[in-house]
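Take a look at the structure below.
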Amino acid sequence: MASNWRALNALSGATDARPRAGAAIKADCYGLGVDTCLPALRDAGARRFFVAHWSEVGAALRHIAPDQLAVLHGPVRGEDVAYAVSTGVIPVINSLDQARRWTAGGGGGGGGTCHLMIDTGINRLGIAPADLSDPAIAALNVDIVMSHLASADEDSAVNAQQLRLFRDCLPAVPHRMASLANSAGIALGPDYAFDLTRPGLALYGGIPRPELSGSIAQTAYLDAAIIQTRMLQPGDAVGYNGEFTAQKPMRVGTVSLGYADGFLRGRGPSGGNNPALFHGQTALPLLGKVSMDMVVVDLNDAPELGEGDWLSVPYNLPDAAQHCALSQYELLTVLGRRMLL
Ligand SMILES: *Cc1c(COP(=O)(O)O)cnc(C)c1O
C-alpha cells in the first residue's frame with residue numbers, strides 16, 4: 001500500500017518532499033480497515049485524507065491530525081457544523097445551503113477553513129459553476145477547490161470536458177490548492193493532476209486503467225480454512241436447496257467463508273463462472289450455494305488436504321472483477337470485518 005501511494009504520488013507530479021497525492025480513506029479504507037491502512041499511508045507520506053461520512057471521523061483521528069482530514073459529504077445538518085468546529089476536521093462544501101450553514105456556524109462566527117466541491121458533470125455532489133459567483137461562496141475561506149471525474153476509467157470525451165470546465169471555474173474562487181483526479185484520473189496524465197490528487201482504489205490494489213498496471217500492487221489477500229471434510233455418495237446434495245448433487249463418490253471440504261465475509265453468492269456457482277478456491281495452483285471447484293459462513297469445495301484434486309488447511313480466494317482485483325459481477329471497488333468494500341487481520 002505504501003509503494004502504491006508512492007507510485008501514485010510520483011505520477012501526480014511530485015518532484016520534491018511536498019506530497020501531491022492525498023488518499024481517499026472512506027468506507028474504512030475501502031473495506032480493508034482504517035487502523036491497518038491509514039498509518040501505512042501516513043507513514044508513506046500522505047498528508048491529506050478524505051472520508052465520506054461524519055461517522056468516519058473518529059476512527060481516522062486516531063492516526064492523523066484533524067486538519068489533514070476532509071469530510072466529503074459536507075455539513076448537511078447544523079450538528080455537522082458543530083462537530084467539524086469541535087474536532088477541527090475540514091468540511092467539503094457541496095451546495096449554497098452548506099456554504100451558508102458553514103459560514104453561520106463554522107469556526108465560531110464563520111470563516112473556518114473549508115474545501116469546495118464544484119460539480120463539473122457527475123451531477124452528484126457539488127456546487128454548479130453558475131453558482132460560484134454567489135455571495136455565499138465569496139464568504140468562504142477555501143483551502144482546496146475540487147471536482148470529481150465521472151468517467152476517468154474510460155476513454156471518454158467527458159474527461160476533457162470536465163477538465164476544461166474545472167479550469168474555467170478556478171479563477172472564480174480564491175483557494176490554496178486545486179484537486180481533480182481520482183485513481184483513474186491520475187492515469188489520464190499531468191494535465192489532470194493539479195496541486196493534489198485523491199486516489200482511493202489504486203492505493204488498495206485496484207487498477208482502473210491499464211496505464212496503472214505496472215505501478216500498482218495487490219494489497220488484499222484472502223485466505224479461508226477448511227473446517228470439515230466429508231465423503232459424498234451419488235445422489236447426496238450440498239448446501240441450501242441442494243443445488244449441487246454428487247454423481248459419484250467424492251471427497252469435499254467445508255470452508256469457513258461465506259457471504260457475510262463478502263464472498264457474495266454471485267461469486268459461487270450461481271454466478272456461472274466455474275468458480276473455485278485455490279490450494280497453490282490447484283483449483284478446487286465450489287459446490288452448491290454460498291452460505292452466510294461456509295462454502296463447500298471439491299477436494300478431488302487435493303486429496304492431501306484436510307481440516308485446518310488453508311485455501312486462498314482469488315483477490316487480484318482486476319482479474320477477480322472479470323470473473324464475477326462485482327466491480328473492483330465492490331470486491332474490496334464488501335469484505336466482512338471478521339476477515340480483517
Ligand atoms: C471516492 C472518491 C475518490 C477516490 O476515487 P477512486 O476512484 O477510488 O480513486 C476521490 N474523490 C472523491 C470525491 C471521491 O468520492
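Counting starts at 1 for both ligands and their atoms, following the listed order.
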Inset, instruction - State whether a side-chain donor-acceptor pair under 3.5 Å links Q98 with S95. - result: no
Inset, instruction - Ignoring hydrogens and angles, state whether a donor on the side chain of S156 or S151 is under 3.5 Å from an acceptor on the partner side chain. - result: no
Inset, instruction - Indicate yes or no: at least one non-hydrogen side-chain atom of I186 is less than 4.5 angstrom from one of R198. - result: no
Inset, instruction - Give a yes/no verdict on whether any heavy atom in M117 is under 4.0 Å from an atom of ligand 1. - result: yes
Legend entry - Which residue and heavy atom of the protein sit nearest atom 9 (O) of ligand 1, plus the separation: S183 OG, 2.5 Å
Inset, instruction - Indicate yes or no: at least one non-hydrogen side-chain atom of R100 is less than 4.5 angstrom from one of D134. - result: yes
Inset, instruction - Give the contacting part of R198 toward ligand 1: side chain, backbone, both or neither, where contact means a heavy-atom distance below 4.0 Å. - result: both
Legend entry - Atoms in ligand 1 with a heavy atom of L201 nearer than 4.0 Å: 6 (P), 8 (O), 9 (O)
Inset, instruction - Indicate yes or no: does an N/O atom of P199 lie under 3.5 Å from an N/O atom of ligand 1? - result: no
Legend entry - Qualifying salt bridge (charged side-chain N to carboxylate O under 4.0 Å, His left out) pairs with a residue from residues 148-158, counting only residues at least two apart or across chains: D155-R209
Inset, instruction - Please report which non-hydrogen protein atom sits nearest to atom 5 (O) of ligand 1, along with the residue it belongs to and the distance in Å to one decimal place. - result: N182 CB, 3.4 Å
Inset, instruction - Say whether Y329 and ligand 1 are in contact under the criterion: heavy-atom distance to a ligand atom below 4.0 Å. - result: yes
Legend entry - Ring centers of Y30, Y204 separated by less than 6.0 Å: yes
Inset, instruction - Check the side chains of H175 and D143 for a donor-acceptor pair under 3.5 angstrom, ignoring hydrogens and angles. - result: no
Legend entry - Residue, atom name and distance, where the atom is the protein heavy atom closest to atom 8 (O) of ligand 1: Y30 OH, 2.5 Å
Inset, instruction - May I ask you to check if ligand 1 and A184 share an N or O to N or O distance below 3.5 Å? - result: no
Inset, instruction - Show which atoms of ligand 1 fall inside a sub-4.0 Å distance from at least one heavy-atom site of A24. - result: 4 (C)
Inset, instruction - Going by heavy-atom distance to atom 3 (C) of ligand 1, choose the closest among K26, Q328, H73. - result: K26
